[in-house]
Amino acid sequence: MTNQPAPQGSYTAENIQVLEGLEAVRRRPGMYIGTTDKAGLHHLIKELVDNAVDEAMAGYCDRVEVIIRADGWCTVTDNGRGIPVDIQKQTGRTAVETVMTVLHAGGKFGGGGYKVSGGLHGVGASVVNALSEDMWVEVVPSEEAQGTQHRGKVYRQQYAKGVPQTELTGTPYIGERHSGTIVSFKPDHTIFESVDFDFKIEAERLRQYAYLTKGVWFHLFDERDGNETNYYFEGGIKSFVRHLNREREALNFEPIYVDREVDGNAVEVAIQYNDGYNEAVFTFANSINTIDGGSHLTGFRTALTRVLNDYARKAKILKDQDPNLTGDDVREGLVAIVSVKLPEPQFEGQTKTRLGNPEVAAQVQQVLAEALSQHLEENPSDGRKIIEKCITASRAREAARKARDLVQRKSALESGSLPGKLADCSTRDPEEAELFIVEGDSAGGSAKGGRDRRFQAILPLFGKILNVEKARPDKMLGHEAIRLIISALGTGIRETFDLAKLRYHKVIIMSDADVDGAHIRTLWLTFFYRNMPQLIEGGHLYIAQPPLYRAAVGKNVNYLYSDQELELFSKGKKNVSVQRFKGLGEMNAEQLWETTMRPDTRTMLQVMVKDAADADMVFYELMGEEVAPRRKFIQAHATQVKNLDV
Ligand code: 0RA
């Protein structure tokens, strides 16, 4: 090595700090990557891809490749400048080693590195290193960025559980090689519940990256089965909104699109209305999905409402006597992506998913207002269609409000207003009260027989509730099952929702453990997500987990919740008698109580809006107009839907 060793004392002190940092990551991985399940596992790839995307955003790289290896490794490659291989003054070590071993070091130090960076928000490559039992980094330095002294050399260093195993060593290579960085890692199986990478999860993530980083190729290859996919979107987020609307009728055929820089910040917005009734607006700051919105969303909404009202008045589509269109009116059927890139993003909120930077609101507003008015001037037929849709929305909202008042007045007046089918509990304390929403008559019968009537209420419902994605709010309220739920819960919906009026603090969806059950569950989840999101946010919505099997060996009876559990239980045992429950209705009252309803023995899934954007996309894809793809999705994802984090 030509590297000069750093002064002994400071090196040791530094080194200890580094080790302590990465030891903390290994002790409490959840603090750094959220979870140690599949999501956490894929988070490792995300950290590395983030770094590569930073390099791409800085304009030095146009290819990012992820390879899932057959032997448990994963490789992330980019064709950027290569992480600097020279010794850094501050640390006495190479930049490569620093990036790989110091928490939050990726792209942060040295200054003047990147113009914008999503990686700053992430925890960096060092966390991947800490959580890998083995890891290699390989750098081919670019001559422009790192000088000619490294010409013809590839630099490698190996790590294990965060600790360097070798020096960074340069060796000659033969022939031509493009500059770039290759990081390969083998996730530590003692840390992760599963070290089995999931092609689909990764493909979806790379697709999103590709939309947000136009002009960059993303390549995913799975060595295990030869599966591969490439994403590249010249149109960036414009392609993204087209994708979101791919199964719908678009009002403006060509998305309204703008990409401009204001005071060093990049503002990119794409808008396309469809003939549906829901809003799908996703916001990003430095490619990070800001699910809690923030200043860019505020600016977007202000511009949209203002410009559409101005245009509607000017074009006389909105008459003098008509009221202004509200924010809600202009958001029906709206699909939009707002993506900003800025050198110093401030992320706020508990999960750091809200953009703080106040100046961004005015910037987005200004950029969008100009682009949108210009588009409407130049495309009056788009303008007319969009405004007419907003006016219809406004009228429907008024009608829905009247219908809702009616439902609520009714339930307030009649004290026996609770739906007749409801088998209510005796407690009047919402905190301890539970409501089971049960599909069908026989299951309802078992549930009524099995419950503890002191605090458990049963509401049996029939047939599938209608698809709330497709229905107008006023039509939705015409549906009996939905009216029953609303009056049983006592809270009202949407703008009039009041959590303080909730009559049951646990609302439990209990449906069969099969595909139809999954479908029904999804429909209900959609309903709650769209109309009572606060119920989910408050942690009040649950999914019951009925068993799939009853297995008995003599007097030893076990209820099993998956095929794996059954297999484990049956292994090596003789004379196992197995009963499969095809539906809830096949369990008698006592069995249902013991396995699914009894608080001290049951397991339930609490529904969480962990990633509202993902959830919305899932609902969106699930609830589109076309039935066939939806059916396919439910079958393919039946188990995921079961473990749903909405
Ligand atoms: C220039 C400077 C620095 C890092 C990189 C380029 C770089 C990092 C990564 C990570 C994955 N691929 C990469 N390609 C290039 C050091 C940080 C700085 O001084 O800004």
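Counting starts at 1 for both ligands and their atoms, in listed order.
The salt bridge (Lys or Arg N to Asp or Glu O under 4.0 Å) search around D196 returns R224, not counting sequence neighbours. Applying the ring pair (Phe, Tyr, Trp, His ring centres under 6.0 Å) test to Y273 and every residue at least two apart in sequence or in another chain returns nothing.
Among the atoms of R81, none of the N or O lies under 3.5 angstrom from an N or O of ligand 1.
Considering V139, V64, D78 only, the shortest heavy-atom separation from atom 11 (C) of ligand 1 involves D78.
Using modelled atom types, one finds no donor on one side chain facing an acceptor on the other under 3.5 Å when comparing D86 with Q146.
Distance alone, capped at 3.5 Å, is enough to place a donor-acceptor pair between the E223 side chain and the A70 backbone.
Residue contact check: T181 has heavy atoms under 4.0 Å from atoms 12 (N), 13 (C), 14 (N) of ligand 1. Each of the following atoms of ligand 1 lies closer than 4.0 Å to a heavy atom of N51: 10 (C), 11 (C).
The shortest separation from a heavy atom of P84 to ligand 1 is under 4.0 Å, placing the residue in contact.
Ion pairing between a basic and an acidic side chain is recognised when a charged N comes within 4.0 Å of a carboxylate O; E202 and K46 show no such pairing.
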